[in-house]
Amino acid sequence: MSAHVDTVQPSAGAVPAAYLGLLTRRWSRDMPALLRQSRFYVLLHVAHDRADALGTVRALDGGDVVQELARACCLPLASAVHYLAAAVASGVLTERAPGLYALAPAAVPTGRRPSTT
């Protein structure tokens, strides 16, 4: 008899690919060094890792997304909530419902706006 083993599939799809491309190239280049070296940046990468093909961030175990992100980033829950709020405020994540986050690969982080001239 063989035992059924659930395997975790890596993020795949157009939305996670676009998000990761922006995160590792454009956004990280524009971030201050301290922000790139912080748990905030790690949280953005873990959110990408937990995203499905449509960009919705899901917990691997089916539990609470915020708690899983906090654990994965070695953060206290309060800090993870604070960082998620900052990510939503900057436009790199969206909160579709309380505790339901999605990647926002078309976002221009609010610290850098394109010129209108």
Side-chain angles (χ1 to χ4, degrees):
M1 263 195 232
S2 66
H4 175 70
V5 178
D6 289 331
T7 58
V8 176
Q9 298 296 321
S11 295
V15 174
Y19 182 86
L20 185 62
L22 287 169
L23 179 60
T24 58
R25 292 180 189 97
R26 184 171 161 213
W27 294 343
S28 66
R29 189 178 54 233
D30 294 341
M31 284 182 189
L34 286 175
L35 191 57
R36 271 194 320 273
Q37 298 165 359
S38 72
R39 295 284 173 185
F40 176 77
Y41 191 62
V42 172
L43 182 109
L44 297 180
H45 276 278
V46 172
H48 163 266
D49 183 58
R50 301 299 194 270
D52 63 15
L54 298 175
T56 303
V57 180
R58 300 192 186 279
L60 295 177
D61 61 3
D64 183 56
V65 173
V66 178
Q67 288 180 353
E68 182 166 322
L69 290 173
R71 274 193 311 268
C73 297
C74 301
L75 287 169
L77 186 59
S79 295
V81 169
H82 178 74
Y83 287 165
L84 285 167
V88 169
S90 69
V92 297
L93 290 178
T94 60
E95 189 172 16
R96 294 181 176 165
L100 181 61
Y101 295 91
L103 307 179
V108 175
T110 56
R112 306 251 321 162
R113 299 244 183 234
S115 66
T116 56
T117 57

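No hydrogens, no waters, no symmetry mates; every other heavy atom, side chains included, goes into these values. The structure displayed is predicted, hence computed values, not measured ones.
- To the nearest 0.5 Å, the span separating CZ on R25 from CG on D30 amounts to 14.0 Å.
- For the pair G13 and P16, the tightest heavy-atom approach, listed with the atom from each and the gap, is O-CD, 3.5 Å.
- The structure places CG of L93 at 8.5 Å from CG of L69, a figure rounded to the nearest 0.5 Å.
- Nearest heavy atom pair, residue L103 against residue A51, reads CD1-CB, 3.5 Å.
- At a threshold of 4.5 Å between non-hydrogen side-chain atoms, the residues Y83 and L44 do not count as touching.
- Hydrophobic clustering (side-chain heavy atoms under 4.5 Å, transitive across Ile, Leu, Val, Met, Phe, Trp, Tyr) groups V81 together with V92.
- Minimum interatomic distance between T24 and S28 (heavy atoms only, all atoms of both residues): O-OG, 3.0 Å.
- Looking only at distances, a side-chain donor or acceptor of E68 sits under 3.5 Å from a matching main-chain atom of L60.
- Side-chain N or O atoms of T56 include none that pairs as donor or acceptor with a backbone N or O of D52 at under 3.5 Å.
- In this structure, Y41 and L35 approach most closely via the heavy-atom pair CB-O, 3.5 Å.
- From L43, atom CG reaches atom NE2 of H48 across 13.5 Å, with rounding to the nearest 0.5 Å.
- A33 is linked by a side chain to side chain contact (heavy atoms under 4.5 Å, CB included) to R36, Q37, counting only residues two or more places apart in sequence or in another chain.
- For the residue pair R50 and A72, the shortest heavy atom distance occurs at NH2-CB, 3.6 Å.
- The hydrophobic clustering, which links ILVMFWY residues whose side-chain heavy atoms are closer than 4.5 Å, places V46 and L54 apart.
- Checked against the 6.0 Å centroid criterion, the rings of W27 and Y19 qualify as a close aromatic pair.
- Put simply, L22 and L20 are part of two different groups of oily side chains (I, L, V, M, F, W, Y) that touch within less than 4.5 Å, one to the next.
- Taking H82 as the reference, nothing meets the ring pair (Phe, Tyr, Trp, His ring centres under 6.0 Å) condition, with sequence neighbours excluded.
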*Dump the intermediate steps for side-chain contact (heavy atoms from CB on, under 4.5 Å) on V65 and L100, then the final yes or no.*
CA-CA 7 Å; V65 173; L100 181 61; 5.8 Å; no
